[in-house]
Amino acid sequence: MGDLSLPNDALFLGFDSSTQSLKATVLDSNLVIVASEMIHFDSDLPHYKTKDGVYRDANVNGRIVSPTIMWVEALDLIFQRLSKSNLDFGKIAAVSGSGQQHGSVYWKKGSSALLSSLDPKKPLVDQLHDAFSVKESPIWMDCSTTAQCREIEKAVGGALELSKITGSRAHERYTGPQIRKIFETQQETYENTERISLVSSFMACLFLGAYACIDTTDGAGMNLMDIKQRAWSKAALEATAPGLEEKLGKLAPAHAVAGSIASYFVERYKFNKNCLVVQWSGDNPNSLAGLTLNTPGDLAISLGTSDTVFGITKDPQPGLEGHVFPNPVDIEGYMVMLVYKNGSLTREDVRNCYAEKSWDVFNKFLEQTPPLNGGKIGFYYKDHEILPPMPVGFHRYILQNFNGETLDGLNLQEVQEFDPPSEVRALIEGQFLSMRAHAERFGMPSPPKRIIATGGASANKSILSSIASIFGCDIYTVQRPDSASLGAALRAAHGWLCNKRGSFVPMSCMYKDLDKTSLSCKLSMAAEDQKLVSKYALLMKKRMELENNLVKKLGRIANKRYYQSSVKRKELIPHLNPVGHQSTNWIVRLVLMVATAAFTSLGTTSPRYIRQQAMYFPWRGSHLAIIEEGSKALLVISATDSCSW
């Protein structure tokens with residue numbers, strides 16, 4: 001196969017532009033980390049006033065965006081910090097990166113010329129303020145495009161047909177429905193848009209000084225690409241918006257070189273003019289690369305703002321659940337993935353409300369409660385969930401006298417609240433029982449040969465122990481929890497090698513001895529007692545029965561997806577505070593909210609057109625919705641951003 005070695009003194013730079021931060025990782029030619037840096041959007045760029053890196057629109061429920069220019073300024077700032085670390089940019093042979101999937105950026109007409117003439121004496125943020133036709137980028141957390149999803153599915157022959165073509169049914173967060181919404185509601189803005197980028201290709205544009213192609217892996221997260229042909233789907237494009245293919249540009253393989261680094265970086269930071277920019281891709285595909293996941297039967301679980309579980313396959317079977325993407329480091333393979341919106345932020349909320357805002361207390365509670373939690377089962381949806389398609393709400397049940405042996409003859413009781421330790425275990429067991437159940441239903445290996453855990457929570461041994469108990473396999477972790485930026489740096493080196501050889505090179509050729517690199521995995525938690533795994537299987541069966549009932553009653557499917565927030569009438573307020581910790585008498589506020597909403601609705605909308613009216617109360621991030629007649633959710637109030645009333 002020829003010489004596949006990397007230059008001895010070369011460095012490879014990888015970025016991860018995620019929901020809450022921008023990270024950078026630098027690998028040397030031995031694939032060892034030599035430098036890293038991070039910009040946290042909320043704390044390092046406070047003037048944007050984001051919370052968790054995003055804006056939650058107070059007027060349009062479900063609309064969640066990030067200021068596009070913030071990502072540009074974050075890049076300026078991270079280069080300032082890398083410069084102070086004495087990193088020799090001249091030794092960097094290639095750059096690549098990762099971006100949060102599905103998010104989109106809209107370049108206004110004339111921005112191509114602006115990109116190609118950047119002044120190296122000025123920061124990027126000062127030069128790109130007016131480059132965007134849409135100032136706030138829709139991101140993966142957005143769920144405001146339900147109508148557009150149904151329109152696109154109908155136009156191509158149904159949800160399953162769209163999934164067979166693009167790898168997923170239409171999802172609110174996917175880029176295609178987001179583009180269609182802008183076309184329908186801001187047609188002039190759409191017409192004034194010269195290029196539409198994903199977050200990944202947007203960041204690549206900055207390094208190229210020109211528009212970058214969308215790669216075929218991240219492009220599969222748009223509901224616009226034919227995953228088998230790895231080309232834009234004519235049917236999906238036509239169902240989304242007119243003239244869209246021209247605005248999207250061409251697709252490129254994830255391992256391809258996009259071009260040489262822009263003169264801006266050569267002059268400002270002293271990069272070598274021959275430094276290559278390798279196609280950027282999505283954060284989950286980059287994590288797959290960073291975890292060196294190349295064995296069917298292995299699964300990876302990423303525990304971040306969203307939680308994901310993914311694996312690889314040669315024979316994907318797209319359905320109505322889950323997602324299929326081309327594998328970024330295997331030109332013939334695919335990655336399969338499940339996504340949960342309620343990940344780390346929901347764990348943090350429960351920690352803050354039940355465990356004294358302390359991970360130590362949280363872990364102590366998790367360890368002191370017995371597995372199976374005495375039959376206590378919880379569903380915790382701080383945000384509208386993707387899988388299952390559930391609105392904001394918290395649901396708690398006790399399967400009385402459950403010991404893991406049988407479900408026969410057991411009574412089920414719905415309750416308002418558990419004791420604090422049980423809340424913690426109900427959350428963690430619930431998250432991973434759901435993962436196991438949906439992974440099995442999607443056709444992922446059961447049990448997996450092993451699980452590689454990444455993301456911030458992968459450093460938590462108590463959580464890893466629960467994963468091992470529920471899945472019944474060994475849990476491995478990598479040296480660094482930020483596998484996306486690590487994977488991006490590895491992909492930079494891989495792209496450099498492919499370019500040197502003139503054709504695709506299997507990535508596995510790069511790491512014959514993983515133990516000597518920063519890519520090595522270590523066993524962090526051994527598989528638990530198989531009898532306990534079987535008991536969890538029984539609890540999982542009951543949980544899925546409850547989940548299916550909740551989806552039928554409240555789920556965001558078909559016409560029920562035209563929702564604002566729906567929770568059970570008797571669960572008007574999520575009980576996320578230990579008894580006695582409520583700071584105010586919320587009943588007074590509740591009465592005022594109902595009265596105000598009713599007055600507003602009756603005063604502005606005739607009954608004929610009361611399909612769905614919603615109010616947002618910014619003082620507590622709360623929603624009130626009056627749903628169309630016949631809906632099971634006639635009056636709904638939910639608290640989404642705070643658990644202290």
Side-chain angles (χ1 to χ4, degrees), residues 16-20 52-57 62-68 71 97-106 134 136-146 148-149 152-153 162-163 166-183 196-204 212 214-225 227 232-233 236-237 240-241 244 247-248 251 254 280-288 302 304-308 310 318 321-326 328 335-343 383-387 389 484 556:
D16 175 33
S17 182
S18 68
T19 312
Q20 301 189 59
D52 304 318
V54 305
Y55 298 144
R56 297 171 186 265
D57 197 319
R63 180 176 180 267
I64 301 180
V65 297
S66 290
T68 310
W71 298 333
S98 151
Q100 54 173 294
Q101 290 195 264
H102 318 302
S104 47
V105 174
Y106 300 80
V134 176
E136 296 173 344
S137 290
I139 67 159
W140 68 272
M141 297 174 75
D142 186 283
C143 57
S144 66
T145 62
T146 304
Q148 290 75 25
C149 288
I152 292 170
E153 288 179 344
L162 182 66
S163 182
T166 70
S168 303
R169 69 174 301 167
H171 289 276
E172 285 93 340
R173 70 190 189 280
Y174 267 47
T175 324
Q178 294 291 339
I179 292 171
R180 181 165 180 79
K181 179 184 173 184
I182 288 174
F183 166 70
I196 300 174
S197 299
L198 295 179
V199 176
S200 56
S201 61
F202 160 68
M203 297 296 287
I214 292 172
D215 81 286
T216 51
T217 299
D218 212 11
M222 303 175 74
N223 284 139
L224 294 172
M225 193 191 86
I227 59 169
W232 297 123
S233 163
L237 291 173
T240 302
L244 182 53
K247 296 181 188 294
L248 293 174
L251 288 160
W280 287 45
S281 191
D283 51 0
N284 291 299
N286 275 278
S287 285
L288 182 144
S302 177
T305 307
S306 65
D307 286 346
T308 58
F310 52 89
E321 191 171 279
H323 314 286
V324 178
F325 306 98
M335 66 177 291
V336 290
M337 183 170 71
L338 302 173
V339 180
Y340 296 83
K341 185 183 288 189
N342 287 274
D383 283 303
H384 306 305
E385 185 52 83
I386 296 164
L387 188 64
R556 303 183 298 109

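Ala241 pairs by the side chain to side chain contact (heavy atoms under 4.5 Å, CB included) definition with Ile179, Phe183, Tyr190, not counting sequence neighbours. In terms of the side chain to side chain donor-acceptor pair (under 3.5 Å) criterion, Ser17 has no residue partners (sequence neighbours excluded). Residues passing the side chain to side chain donor-acceptor pair (under 3.5 Å) test with Thr166, sequence neighbours excluded: Asn223. Evaluation of the side chain to side chain contact (heavy atoms under 4.5 Å, CB included) rule for Ser302 yields Thr308, Phe310, Thr454 as partners, not counting sequence neighbours. When the side chain to side chain donor-acceptor pair (under 3.5 Å) test is applied to Ser233, no partner is found at least two apart in sequence or on another chain. Residues satisfying the side chain to side chain contact (heavy atoms under 4.5 Å, CB included) criterion with Ala254, sequence neighbours excluded, are Asp215, Thr217, Pro328, Arg491.
Gln100 places no side-chain N or O within 3.5 Å of a backbone atom of Ile139 that could act as its donor or acceptor partner. Remark: side-chain polar atoms of Arg180 are paired, donor with acceptor, to backbone N or O of Thr240 under 3.5 angstrom. In this structure a side-chain-to-backbone donor-acceptor pair under 3.5 Å is present from His102 to Gly221. Looking only at distances, no side-chain donor or acceptor of Thr145 sits under 3.5 Å from a matching main-chain atom of Gln178.
Residues Trp71 and Val105 come closest through the heavy atom pair CZ3-CG2, 3.8 Å. Between Val324 and Ala220, the shortest heavy-atom distance links the atoms O-CB, 4.1 Å. Here the closest non-hydrogen pair linking Ser168 and His171 is CB-CD2, 4.0 Å. Among all heavy-atom pairs drawn from Gly167 and Ile227, the shortest one is CA-CD1, 3.8 Å. Here the shortest heavy-atom pairing between Ala484 and Ser287 reads N-OG, 3.6 Å.
Interatomic distance, Leu338 CG to Ile386 CD1, rounded to the nearest 0.5 Å: 10.5 Å. Ser197 OG to Tyr106 OH: the interatomic distance, rounded to the nearest 0.5 Å, is 10.0 Å. In this structure, the separation between CG on Leu248 and CG on Leu237 is 6.5 Å, given to the nearest 0.5 Å. Atoms OG1 and CD, on Thr19 and Gln101 in that order, are 10.5 Å from each other to the nearest 0.5 Å. To the nearest 0.5 Å, atom CG of residue Asp383 and atom OG of residue Ser306 are 11.0 Å apart. For the atom pair OH (Tyr55) and OG (Ser66), the distance works out to 8.5 Å, reported to the nearest 0.5 Å.
Arg63 and Glu136 are joined by a salt bridge, as a carboxylate oxygen and a charged side-chain nitrogen come within less than 4.0 angstrom of each other. Using a 4.0 Å cut-off between charged side-chain N and carboxylate O, Lys341 and Asp142 make no salt bridge.
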- Task: Go through the steps for Phe325 and Thr216 under the test side-chain contact (heavy atoms from CB on, under 4.5 Å), then give the verdict.
- Result: CA-CA 8 Å; Phe325 306 98; Thr216 51; over 6 Å; no
- Run the side-chain contact (heavy atoms from CB on, under 4.5 Å) check on Met141 and Val65 step by step: do they pass? CA-CA 8 Å; Met141 297 174 75; Val65 297; over 6 Å; no
- Task: Mind running side-chain contact (heavy atoms from CB on, under 4.5 Å) on Tyr174 and Ile152 for me, showing each step along the way?
- Result: CA-CA 12 Å; Tyr174 267 47; Ile152 292 170; over 6 Å; no
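Considering only heavy atoms from C-beta on, Ile182 comes within 4.5 Å of Val134 through its side chain. For the pair Ile64 and Trp140, the minimum side-chain heavy-atom distance is 4.5 Å or more. Two residues are said to be in side-chain contact when any heavy atoms from C-beta on lie closer than 4.5 Å; Leu244 and Ile196 meet this criterion.
Screening Asp283, Asp218, Asp16 for a side chain to side chain donor-acceptor pair (under 3.5 Å) involving Ser200 leaves a single residue, Asp218. None of Arg173, His384, Lys181 except one satisfies the side chain to side chain donor-acceptor pair (under 3.5 Å) rule with Ser144; the exception is Lys181.
For Ser104 and Thr175, the side-chain atoms include no donor-acceptor pair closer than 3.5 Å. Looking at Ser98 and Trp280, their side chains never bring a donor and an acceptor atom within 3.5 Å of each other. Using modelled atom types and a 3.5 Å distance limit, the side chains of Thr146 and Glu172 yield a donor-acceptor pair.
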